[in-house]
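Written below as structure tokens is the structure these notes are about.
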There are 2 protein chains.
Amino acid sequence: MKTATRSNNRIETLLDSAAELFSTRGYQATTMRDIAESCGMRPGSIYYHYPNKEALLVAVYEEGVKRLTARVLDALADENDPWVRLERMLTTHIGMIIEPTAYASVIIRILPDAVPSAEADLVKLRDRYEAILKSLVAALPLPGDVDRRLLRLFLIGAVNHVQVWYQPGGTGPAEIAQELVRLFRCTARTQSEGSE
Amino acid sequence: MKTATRSNNRIETLLDSAAELFSTRGYQATTMRDIAESCGMRPGSIYYHYPNKEALLVAVYEEGVKRLTARVLDALADENDPWVRLERMLTTHIGMIIEPTAYASVIIRILPDAVPSAEADLVKLRDRYEAILKSLVAALPLPGDVDRRLLRLFLIGAVNHVQVWYQPGGTGPAEIAQELVRLFRCTARTQSEGSE
DNA sequence: CCTACCGATCGGTAGG
DNA sequence: CCTACCGATCGGTAGG
């Protein structure tokens, strides 16, 4: 038991280091030596845990989706209003991708096509998470002529871009999400009167 | 004159190749050898035109901003309605970043912090272009409580993300821009009645 | 703009 | 998980 725990800690430290470096420097710019140094290992030792650099990225990606999904579902519990649910998801999402040391940041920053041989895996993981947003947008009371697919894609783009411009001390995740939802929400109020 | 033209063609071919590779593979993943091969030069010959890889990226960035700005200003001419002006800019912008062989794509895809030593230059070029959007958003008739800075950042995020999900044959740039503006525009109609 | 080349670095492996 | 190491590749340079 003690051995297992110690071993898990090592792997966790390794994944943490990889996540931080991948998210701040990008995949290609991060070397296995950078990661090794960051978690106190020798460069060759990483290969004891993962067969290669790509597998390490996939592992970070998986952990990122897992954490993102868990936190979002948690924020959604005990809430039924579709607009509030959307706002809560966005707040949680933004909150997680602005942390520099974050698994979530990797999913936003590293485009799947940056690693051709693992592209399919990464896209699948990404889609799994975005399915949550899809269901939230589907539940929104909107006029029939609104393209929900486009709305979803606009939302993803807008919130993910926060990672680029966000500065600590400025507008926080909750206010950002609130304003974004408010800007889109009026569509429902203005145009649904005649169609419902 | 003939020599100058020939020389310019060489540089243009070089920049074209660099732009295409940087935009499709990213900065780090593109090697000087890739670029050389793509434009029919020897790897060492690139250094006759540009001192290093970063200078090449900055040159592509500059050309990208120049082209983007020119096309957008052209699309804005002879149009006074602020909402239509915004829509035209977004249509033009989307149209340019979805071309795979595009200087514009580089500006969207390569984050300035991917090249620390040239970061300041790249941010400056990026800001110059985004100032246009800033002025368009400033001209929008919106209720006083709308955060125009956030609106601008949401728009940038939404349209730049198109590069990731766009597929030829699907919804075109004009329809995408139209729907995006329509979703935001209602804010003006719903909430400005009491404040204007 | 080419030839020829270098020093550094990188992902990965052998063997323990 | 470490030591020791390799083959490949990369950005860049010297000299013409």
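Labels below follow one simple rule: chain letters A, B, ... track the order of the sequence lines, proteins then strands, and each chain is numbered from 1. FYI, side chains are in, hydrogens and waters are out, and symmetry mates aren't considered; it's all heavy atoms of this structure.
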Inset, instruction - Measure centre to centre between the rings of Y103(A) and Y61(A), then say whether the value is under 6.0 Å. - result: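 Ring centroids of Y103(A) and Y61(A) are no less than 6.0 Å from each other.
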Legend entry - K53(B) to Y27(B), cation-pi by 6.0 Å centre distance and 45° axis angle: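 Judged by the rule, K53(B) and Y27(B) form a cation-pi pair.
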Inset, instruction - Grab the CG-P distance between L14(B) and dC1(C) for me, whole Å please. - result: 8 Å
Inset, instruction - Grab the OH-P distance between Y48(A) and dT13(C) for me, whole Å please. - result: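 Atom-to-atom, Y48(A) to dT13(C), this comes out as 16 Å.
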Inset, instruction - Would you mind building the protein contact string for nucleotides 4-11 of chain C? One character per nucleotide, 5' to 3', B for base within reach (heavy atoms under 4.0 Å), S for sugar-phosphate only, - for untouched. - result: ------BB
Inset, instruction - Please tell me which of the listed nucleotides, dT3(D), dC1(C), dT3(C), lies nearest to the side chain of S45(B)? - result: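 Side chain of S45(B) sits closest to dC1(C).
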Legend entry - Closest to side chain of R10(B), choosing from dC1(D), dC2(C), dT3(D): dC2(C)
Inset, instruction - For S105(A) and S23(A), test the side chains for any donor-to-acceptor distance below 3.5 angstrom and give the result as yes or no. - result: no
Inset, instruction - Verify whether one side chain among D34(A) and T31(A) offers a donor that lies under 3.5 Å from an acceptor in the other. - result: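 Result is yes, a qualifying pair exists.
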Legend entry - OP1 or OP2 of dC1(C) under 4.0 Å from side-chain N/O of R42(B): no
Inset, instruction - Say whether, by atom type as modelled, one donor and one acceptor occur between the side chain of Q163(B) and the main chain of N160(B) under 3.5 angstrom. - result: no
Legend entry - Involving DNA chain D, stems made of at least three consecutive Watson-Crick or G-U pairs, both distances under 3.5 Å: C:1-16 with D:1-16
Legend entry - Test salt bridge (Lys or Arg N to Asp or Glu O under 4.0 Å) applied to K134(A) and E130(A), step by step: CA-CA 6 Å; K134(A) 197 169 185 177; E130(A) 287 183 5; over 6 Å; no
Inset, instruction - Begin from the C-alpha positions of E37(A) and R33(A) and carry the test salt bridge (Lys or Arg N to Asp or Glu O under 4.0 Å) through to its verdict. - result: CA-CA 6 Å; E37(A) 189 183 5; R33(A) 283 167 176 78; over 6 Å; no
Legend entry - Point-to-point distance, once rounded to the nearest 0.5 Å, from CD1 of I132(B) to CG of L73(B): 4.5 Å
